[in-house]
Amino acid sequence: MRLSDLSDVAADALKSAGAYVSDLMTPTLRLGVTGLARAGKTVFITALVRSLVSGGRLPYFAAMAEGRITRAYLEPQPDDTLPRFAYEEHLAALAADPPEWPESTRRISQLRVTVEYSPTPLLKRALGSGRLHIDIVDYPGEWLLDLPLLDLDFADWSARALAEAQSPHRVEAAREWLAFLSGLDAAAPADEQKALTGAQLFTRYLQSARAPDALLTAPGPGRFLLPGDLAGSPLLTFFPLPPSSGSGSPRGSLAAMLARRFDSYKSHVVQPFFRDHFARLDRQIVLIDALSAINSGPAALLDLQRTMEGVLRCFRPGANTLLSSLVAPRIDRLLFAATKADHLHHTSHDRLEAILRLLADQAIERASFAGAEVKVMALAALRATREAEARSGWQRLPCIVGIPLPGEHLGRKSFDGRTEAAVFPGDLPEDPKSLLKPSLPATSADAVHFLRFRPPRVSLEAPTGDAPALPHIRLDRAVDFLLGDRLA
Ligand SMILES: Nc1nc2c(ncn2[C@@H]2O[C@H](COP(=O)(O)OP(=O)(O)OP(=O)(O)O)[C@@H](O)[C@H]2O)c(=O)[nH]1
Ligand SMILES: [Mg+2]
């Protein structure tokens with residue numbers, strides 16, 4: 001049927017539906033932003049969206065640098081079941097006087113930015129002008145820890161979780177919970193109080209296993225670490241059992257109840273997340289607080305590497321896993337980004353990237369990962385420091401200058417949140433491998449000193465002239481990798 005075959009009425013209806021039709025035809029790119037707690041997800045998304053919608057200089061983001069982005073704006077939430085990313089609230093915190101970092105967010109959220117652009121001259125004749133919906137999905141990295149659960153039953157999971165709890169670096173944190181288990185008769189009739197107590201002790205163990213550095217890895221299940229809206233739900237009232245105590249799991253026993261809840265957790269929590277959100281992502285950035293890991297020493301870096309390996313496995317699961325049968329992930333670009341690079345002098349930015357590259361390469365190899373393009377970068381989505389040089393005798397030390405947050409300490413000095421300070425953050429080693437050597441002396445934990453700085457005050461006015469929308473380090477390169485080709 002050609003358009004001329006349509007009756008006038010139908011043609012009119014088609015015209016008035018034009019806007020709607022063109023909206024349906026607008027391609028959508030779903031960008032996942034994840035990372036463990038405090039990795040910098042909220043700040044990254046706020047800075048990214050602010051840079052897109054307010055314009056400003058982003059020299060390494062080609063579409064913007066070439067002036068091809070005509071307009072970028074927020075649009076209503078496309079998915080009714082997902083909370084909206086509270087962009088305005090986070091931006092308001094950064095624009096306050098004094099500026100504050102946005103509050104911690106503990107659940108999945110989403111924001112749609114629509115970009116209108118003119119394609120590169122090569123494609124221009126074919127496309128005219130272009131439009132792209134970018135749906136940014138912020139979700140806790142802890143939830144990715146749950147993927148391996150899908151292929152385990154309660155007994156297998158219990159065996160693994162117990163072996164982990166008894167490993168030398170976790171056993172202290174697990175002591176109370178393990179003691180509770182040793183006095184437990186799981187074949188006795190199901191008892192909600194026992195289930196609750198066990199789940200509480202298990203949760204406490206998991207949460208302290210990630211201490212002293214809350215930024216590093218921890219064993220799952222993910223919702224025990226970050227329950228989101230499920231806090232207190234029976235879906236989270238279970239814990240693993242030693243093999244003997246669960247044997248047979250007679251009907252009506254505590255063991256049977258815990259096993260059933262484990263299955264419910266998989267089918268009501270884990271599966272829907274991977275099926276409805278994760279598997280629909282096109283691009284992914286994984287934010288990593290690599291500096292904290294470096295500061296904590298080689299064991300933390302190896303932990304970080306295992307996390308990266310786990311993340312990679314999520315994006316290319318083996319052929320026979322439950323996830324691959326749910327729906328194959330379609331990610332084609334994956335970026336591991338070390339955040340908060342503004343804690344280092346720029347002379348160390350490449351070194352930070354080299355360390356992440358080393359960890360990523362080994363993780364890629366161990367996960368036999370192939371398919372998507374993987375990049376690593378060191379960035380600061382919002383730069384809180386500037387650089388300076390201090391002289392000490394003949395020596396020149398590259399320093400960073402910022403306003404430490406109230407309560408931060410450096411030696412005996414404690415800061416009030418108003419005074420600027422110059423800090424020599426230390427150098428990262430030239431050879432990244434040296435950070436992974438277990439023989440490293442304990443003092444290596446002092447290799448990099450860093451303080452938490454007050455964020456720069458973000459202006460709500462549009463940037464003028466050649467100014468960037470906000471200060472950052474390499475945010476533009478990250479955006480170019482994640483979005484650039486879809487705006488060509
Ligand atoms: N200097 C500096 N600090 C940053 C940057 N990004 C994040 N931070 C610091 O890291 C903290 C956590 O950042 P968020 O963006 O809230 O991290 P998140 O991953 O969303 O954390 P949760 O929501 O708690 O999971 C902030 O409060 C800042 O102190 C950055 O680019 N530079
Ligand atoms: Mg957050």
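None of the values given here were measured: they were computed from a predicted structure. In listed order, ligands and their atoms are each counted from 1.
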Task: No-hydrogen, no-angle side-chain donor-acceptor test under 3.5 Å, Thr114 and His133 - done: yes
- [ ] Assess Arg71 against Tyr73: is NZ or CZ under 6.0 Å from the centre of the six-membered ring, and within 45 degrees of the ring's axis?
- [x] yes
Task: For atom 11 (C) of ligand 1, closest protein heavy-atom neighbour - done: Arg38 NH2, 3.9 Å
- [ ] Using a 4.0 Å heavy-atom cut-off, say whether Arg452 meets ligand 1 through its side chain, its backbone, both or neither.
- [x] side chain
Task: Ser434-Asp431 side chain donor-acceptor pair, cut-off 3.5 Å - done: no
Task: side-chain hydrogen bond (donor to acceptor under 3.5 Å, both in side chains) assessment of Ser104 paired with Arg106 - done: CA-CA 7 Å; Ser104 176; Arg106 291 291 149 109; 3.0 Å; yes
Open item on the list: To check your reading of the model: name the closest protein heavy atom to atom 9 (C) of ligand 1, its residue, and the distance in Å.
Closed with: Lys340 CE, 3.7 Å
Task: Test item: side-chain donor near acceptor, Gln110 and Asp79, under 3.5 Å - done: yes
Task: Pi-cation contact, Tyr117 with Arg68 (under 6.0 Å, within 45°) - done: no
TODO: Using a 4.0 Å heavy-atom threshold (strictly under), name the region of Val43 that reaches ligand 1: side chain, backbone, both or neither.
DONE: both
Task: Residue pair Phe202, Phe224: steps toward the ring pair (Phe, Tyr, Trp, His ring centres under 6.0 Å) verdict - done: CA-CA 9 Å; Phe202 178 56; Phe224 283 65; 5.5 Å; yes
TODO: Can you list, by chain and residue number, the protein N, O or S atoms under 2.8 Å from the Mg ion (ligand 2)?
DONE: Thr42 OG1, Thr105 OG1
TODO: For atom 23 (O) of ligand 1, state which one of Thr46, Thr34, Asp342, Thr105 supplies the nearest heavy atom.
DONE: Thr105
Open item on the list: Under the rule for ring-ring contact (aromatic ring centres under 6.0 Å, His included), what residues qualify as partners of Phe273, not counting sequence neighbours?
Closed with: Tyr139, Trp143
Open item on the list: Checking a contact table here: which protein heavy atom is nearest atom 28 (C) of ligand 1, and how many Å away?
Closed with: Trp101 CD2, 3.4 Å
Task: Shortest protein contact, atom 14 (P) of ligand 1 (heavy atom only) - done: Gly40 CA, 3.6 Å
Open item on the list: I need the contact type for Arg106 against ligand 1. Using non-hydrogen atoms and a strict under-4.0 Å cut-off, is it side chain, backbone, both or neither?
Closed with: side chain
Task: Pi-cation contact, Tyr205 with Arg170 (under 6.0 Å, within 45°) - done: no
Open item on the list: Using a 3.5 Å cut-off on N or O atoms only, is Ala381 in polar contact with ligand 1?
Closed with: yes
